[in-house]
There are 2 protein chains.
Amino acid sequence: MPRKDLSRKHTSRKRPTLKDVADAVGVHISTVSRALNPKTRHHITAEISDKILKASARLNYRQNAAAYTLRTNRTRIVGLIIPDITNPVFPPIIRGVEDALAAHGYMAIVVNTDGALPREASAIDMLCGRGVDGVIAASVERDDPALLRVAGEGTPVVTVNRRMDDPAIASIVNDEDGGIRAVLDHLVALGHRRIANIAGPQKLSTGKARLDAFLRHRDALGLPADAGLIVMSDAFNEGEGERCTEALLAGNTDFTALVCSNDRLAVGAIAALRRHGRAVPADISVTGFNDMPLVDRLEPALTTIRVQQYTAGRMAAEALLARVEQSGAGDPPQHEVLPVELVVRASTAPARGRGRKARKEQAGQ
Amino acid sequence: MPRKDLSRKHTSRKRPTLKDVADAVGVHISTVSRALNPKTRHHITAEISDKILKASARLNYRQNAAAYTLRTNRTRIVGLIIPDITNPVFPPIIRGVEDALAAHGYMAIVVNTDGALPREASAIDMLCGRGVDGVIAASVERDDPALLRVAGEGTPVVTVNRRMDDPAIASIVNDEDGGIRAVLDHLVALGHRRIANIAGPQKLSTGKARLDAFLRHRDALGLPADAGLIVMSDAFNEGEGERCTEALLAGNTDFTALVCSNDRLAVGAIAALRRHGRAVPADISVTGFNDMPLVDRLEPALTTIRVQQYTAGRMAAEALLARVEQSGAGDPPQHEVLPVELVVRASTAPARGRGRKARKEQAGQ
DNA sequence: TTGTAGGCGTTATCAT
DNA sequence: ATGATAACGCCTACAA
């Protein structure tokens, strides 16, 4: 008796298939398949289609994903490649991607590359092995052979946050130029003229775009073009922020404001400035980029550029799905630039007169 | 001519299958299958197995995951359920899980529940639909019917960071009790006696364990057991930290130190204390729990308990895979408690005598 | 409108 | 040691 129960339980454990609901309704399995698919349901009599839906719900039928994939070659899974989930910039993007995907019945497999191209290549390999329907890459470099190759093989690809030089790859990015311009306008309005810059890695589109913007708007604003005011970082992290700041201070070039290519560089910069006895913002104003979580709780709270990471993630997913679902995708790749916003907090303040003496005619105002 | 090229390209685009490498070597497809599987390779002549390996590499053969899954009912995918990837506590866990899984050829599908039980239930539904081999849950409540059900259906489950009351579910957690004890010892050593507590949500094992520990060690240390010194939060976030702190201040109970059930509560608490003119740590010492990123850069840098999130993630994945791979899993569920470490920074300082006097005056009213 | 049948790429159970 | 063959569950021409 208990044995019987057990065996019954065991057979009932197996998930129901199309055949099970077909038997329950008394129709053929293909009829069920059609009734369950919204795109083919119209082939079926409303009445019987209704019975099928009911039975399917009653039996708690769930399509077998593997069988579906084997037959159709679609997995409803997309790969999401990021440098490091531990970097606070990325979680909102990931969340946006996942929310948008979920709304369409898709899911994401997230892989971390730590910004290493070989690791990215092997990640792409894994994802393709899983048969992902598309790839969203937040970890992309301006020139990225592996990603280019997978795109060339017909897999839809869109980058988010960063972009490739090759315009054939769709992208969702922030308005880097507008952000840097807003920062410079703000600092100039506070009376700063000698403004230093810690630039991001130039192999990343964000690093390059922000440096380009800095140079362009610096000139447009008539600020001094002193090469000693610019230092290149190797990575977007706090350690590089400290190193670059020390290089700047060692250079003996005078400056009253420091524009950092992102928040983490700024956090490191502030630590280094303090260590060298410079008060922020009393002596030197510092700005970041991204408006990371907690950056408003630092001392001083960071003046920075707020970007729409979550929205960017959503849009990237939508753009990708558009390409996946009508894979005819002959239309040109989508390139979106999201607006950004200056957030003024406590790390910027009016410039002090010091360093100003050389150009005292300025003071005439 | 171009048409021919195109069609050839098109056929060559299709990924090679077992049949393709079988044809290339001149053996049967099942021989190839055996040769490619380490567990069955010994059935095959070394020489021919060698040829197969070579050909497979040359053709760049990759197993079709869907076919494998359809046949074997294993996906090599595990579901990872978390409240919100945007909460800085979770990325290190996720990273640990993914790294450990990757080492075994597995991948994770991450889903966010925002801590809502119904959302968790539907997430579990999706994951089961995908046929995941197991589930790791960081978002679990002490009583969690959906997770219990899926575990009951035979899917391996392990919780991380939190645990369920039901000991049948394997878990990897931190030493909450040891952490709270270390905090209290530290504060008592600084001369604090009237120590308040913002407790976490009691439906979460972390919230309950830390409150239990607070009560027990408070009594063991002979500290005053004043109910007014304890306030319950509804969630582990900054807003609740502020609200609870204001409740504490409104209660007119005197205290010189405030133990918060996690870092985010502490961040909110410090903001609220400041707003009410209390200096941290000069007037009131504050402690957190978790040692979140950036918490060392706050002003004042937070004294807190460092937990091993990354390691916990890794261990959870390892524990799950152990259950997945020898799915006989008759052995008792694994329960791991990871050691924690007190990190003393600037938010705690020796107690001031001033509390006593104020209290005496109040007694007069 | 519905049923029939073939096949997606694997693995596993037979034979040989 | 290897080959033949039957599923796994689903979709989709094609036939009726």
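Below, chain A is the first sequence line, B the second, and so on; all start at residue 1.
Contact of the A:Thr159 side chain with the A:Leu147 side chain is registered, since non-hydrogen atoms from C-beta on lie closer than 4.5 Å.
No option in A:Val140, A:Val173, A:Ile169, A:Ile172 other than A:Val173 meets the side chain to side chain contact (heavy atoms under 4.5 Å, CB included) test with A:Arg163.
Here D:dT12 presents its C1' atom at 15 Å from CZ of A:Arg74, a figure rounded to the nearest Å. Atom pair A:His43:NE2 and D:dA16:P shows a separation of 19 Å (rounding to whole Å applied). At whole-Å resolution of the value, NE2 in B:His42 and P in D:dA1 are 8 Å apart. A straight line from CZ of B:Arg41 to P of D:dA1 spans 15 Å, rounded to a whole angstrom. Atom CG in A:Asp50 sits about 16 Å away from atom C1' in C:dT1, given to the nearest Å. Rounded to an integer number of Å, the gap from A:Asn73 CG to D:dT12 P is 12 Å.
A search for side chain to side chain contact (heavy atoms under 4.5 Å, CB included) contacts involving B:Ala123 returns B:Val111, not counting sequence neighbours.
Although no hydrogens or angles enter the test, the distance criterion places no donor-acceptor pair under 3.5 Å between the side chain of A:Arg76 and the main chain of A:Tyr106. The closest donor-acceptor contact from the side chain of A:Arg15 to the backbone of A:Gln63 lies under 3.5 Å.
When the side-chain nitrogen and oxygen atoms of B:Thr31 are compared with OP1 and OP2 of D:dG3, one or more of them lie within a distance under 4.0 Å.
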*Using a 4.0 Å cut-off on protein heavy atoms (strictly under), produce a 5'-to-3' string for nucleotides 9-16 of chain C with B for base contact, S for backbone-only sugar-phosphate contact, and - for none.*
BBBBB---
Would you be so kind as to tabulate the donor-acceptor pairs closer than 3.5 Å made by side chains of residues 77-84 of chain A, with sequence neighbours excluded?
from	atom 1	to	atom 2	distance (Å)
A:Asp84	OD1	A:Thr86	N	3.0
A:Asp84	OD1	B:Arg95	NH1	2.9

